Amino acid sequence: MLFALLSPAKKLDFGPWPEAVNATAPALLAATAPLVLRVKKYTAADLKRLMDLSDKLASLNFERFQAFDLKNTRDTKPAIYAFNGDVYLGLQAKTLSADDVKFAQAHVGIISGLYGLLRPLDAMQPYRLEMGTSVDTHHGENLYDYWRAPLTKHVNDLLAKAKSPTVVNLASEEYWSAIDAQALNAPVVQCVFKEVKTAKRRLLVSWPKKRADKWHALLCKTGLK
């Protein structure tokens, strides 16, 4: 079984989503609440400094955290429809069939600085908290310290339920670093996309994000399900 790990997106879309879709609860939600309580103590100026935000974005995210529902039951949307960056635009989530969404729910995890790990249908509230943010908690001085142990354990718990699992890392280094890769109980495939041009290989950053619509077909063809 293939388990692909993605990064979240900074851009969000909290407009309408398919009514027939039932949202699920994030598995690590118990660890999200104390983290929110810590971030609620930050001012807009603190958030601006910590995440290098504009005044407008700092104020927006300050308001989001102040209004955050610790039970995660209000103003939520399934992650696959809420994230609106290149990866998720490429996935064209709103056009996916029920079988496609079911496949994604079983084979995709989104690493999150606030939720730890989100499955595509997990309910999330609007937020911005990048994994590289230096949020000091009782677990350490940053989010890597906070999430590495529970996140790695949770991924291993998911892998333990599968026959012959393989992890495919499609996340950025910022988010992949939140997992203890050496402790994963499955082989890891690291994906690097390059273009050969004028006899040199050039790393492609945006192409794999924008071609997310092809991942499902590619995985099916290679039998990695």
Side-chain angles (χ1 to χ4, degrees), residues 1-29 32 72-128 151 154-172 175-176 179 186-193 204-225:
M1 196 261 323
L2 174 79
F3 189 61
L5 290 171
L6 306 178
S7 300
K10 296 177 182 177
K11 295 180 180 179
L12 302 176
D13 174 9
F14 268 74
W17 45 283
E19 294 182 0
V21 174
N22 293 318
T24 51
L28 300 178
L29 191 58
T32 297
N72 203 56
T73 56
R74 292 187 290 106
D75 302 322
T76 63
K77 187 175 181 178
I80 196 173
Y81 302 109
F83 289 125
N84 200 36
D86 285 341
V87 169
Y88 302 91
L89 291 175
L91 282 172
Q92 300 179 345
K94 292 181 180 180
T95 70
L96 295 179
S97 67
D99 285 341
D100 287 335
V101 173
K102 183 178 179 181
F103 178 92
Q105 182 75 354
H107 294 268
V108 175
I110 304 165
I111 304 172
S112 165
L114 186 63
Y115 288 95
L117 191 78
L118 291 164
R119 304 308 294 271
L121 293 180
D122 282 352
M124 57 169 274
Q125 295 175 68
Y127 79 95
R128 180 162 173 174
L151 180 54
H154 179 54
V155 173
N156 273 332
D157 289 345
L158 292 173
L159 296 174
K161 300 175 183 178
K163 183 179 180 180
S164 301
T166 299
V167 174
V168 177
N169 176 31
L170 294 168
S172 66
Y175 285 89
W176 175 247
I179 291 179
V188 177
V189 176
Q190 297 282 5
C191 297
V192 179
F193 298 87
L204 296 176
V205 177
S206 61
W207 185 87
K209 293 182 179 181
K210 294 178 179 178
R211 300 308 297 171
D213 57 316
K214 301 299 182 183
W215 292 347
H216 179 269
L218 176 62
L219 300 177
C220 288
K221 287 180 180 178
T222 55
L224 293 174
K225 298 202 290 182

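The structure presented is a predicted model; accordingly, all values stated were derived computationally and were not measured.
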Given the rule in the side chain to side chain contact (heavy atoms under 4.5 Å, CB included) test, do Phe83 and Leu91 qualify, once you have shown the distances and angles that lead to the verdict? CA-CA 11 Å; Phe83 289 125; Leu91 282 172; over 6 Å; no
Leu28 and Tyr115: CA distance, side-chain angles, deciding distance, side chain to side chain contact (heavy atoms under 4.5 Å, CB included) verdict: CA-CA 6 Å; Leu28 300 178; Tyr115 288 95; over 6 Å; no
Can you list the steps and then say if Val101 with Tyr81 is a side chain to side chain contact (heavy atoms under 4.5 Å, CB included)? CA-CA 11 Å; Val101 173; Tyr81 302 109; 3.8 Å; yes
Going through the checks in order, is the side chain to side chain contact (heavy atoms under 4.5 Å, CB included) test met by Ile179 and Leu5? CA-CA 11 Å; Ile179 291 179; Leu5 290 171; 3.6 Å; yes
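With a 4.5 Å cut-off on side-chain heavy atoms, Tyr88 and Lys11 do not count as touching. When side chains are defined from C-beta on, Tyr127 counts as touching Ser112, because their heavy atoms get closer than 4.5 Å. You'll find the side chain of Lys77 reaches within 4.5 Å of the side chain of Asp13, heavy atoms only.
When all heavy atoms of Ala106 and Met1 are compared, the closest pair comes out as O-SD, 3.8 Å. Pairing each heavy atom of Val21 with each of Pro78, the nearest pair is CG1-CG, 4.4 Å. Of all heavy-atom pairs between Ser172 and Ser7, the closest is N-OG, 2.8 Å. Contact detail for Ala104 and Pro120: the closest heavy-atom pair is O-CG, 3.4 Å. The two residues Ala23 and Ala123 make their nearest non-hydrogen contact at CB-CB, 4.1 Å. Taking every heavy atom of both residues into account, His107 and Leu2 meet most closely at ND1-O, 2.9 Å.
Taking CD1 from Ile111 and CG from Asn169, the interatomic distance works out to 6.5 Å, rounded to the nearest 0.5 Å. Rounded to the nearest 0.5 Å, atoms CG (Asp122) and CG (Leu117) are 8.0 Å apart. Rounded to the nearest 0.5 Å, atoms OG1 (Thr76) and CH2 (Trp17) are 6.5 Å apart. Rounded to the nearest 0.5 Å, atoms NE2 (His154) and CG (Leu159) are 10.0 Å apart. Here the straight-line distance linking atom OG of Ser97 with atom CZ of Phe103 works out to 11.0 Å at 0.5 Å rounding. Atom CG of Leu158 is separated from atom CZ of Phe3 by 5.0 Å, given to the nearest 0.5 angstrom.
A side-chain donor-acceptor contact under 3.5 Å links Thr24 to the backbone of Leu121. In this structure, the side chain of Arg119 does not engage the main chain of Pro26 through any donor-acceptor pair within 3.5 Å.
A side-chain hydrogen bond (donor to acceptor under 3.5 Å, both in side chains) with Gln125 is found for one member of Thr73, Asn72, Asp75 and no other, namely Asn72.
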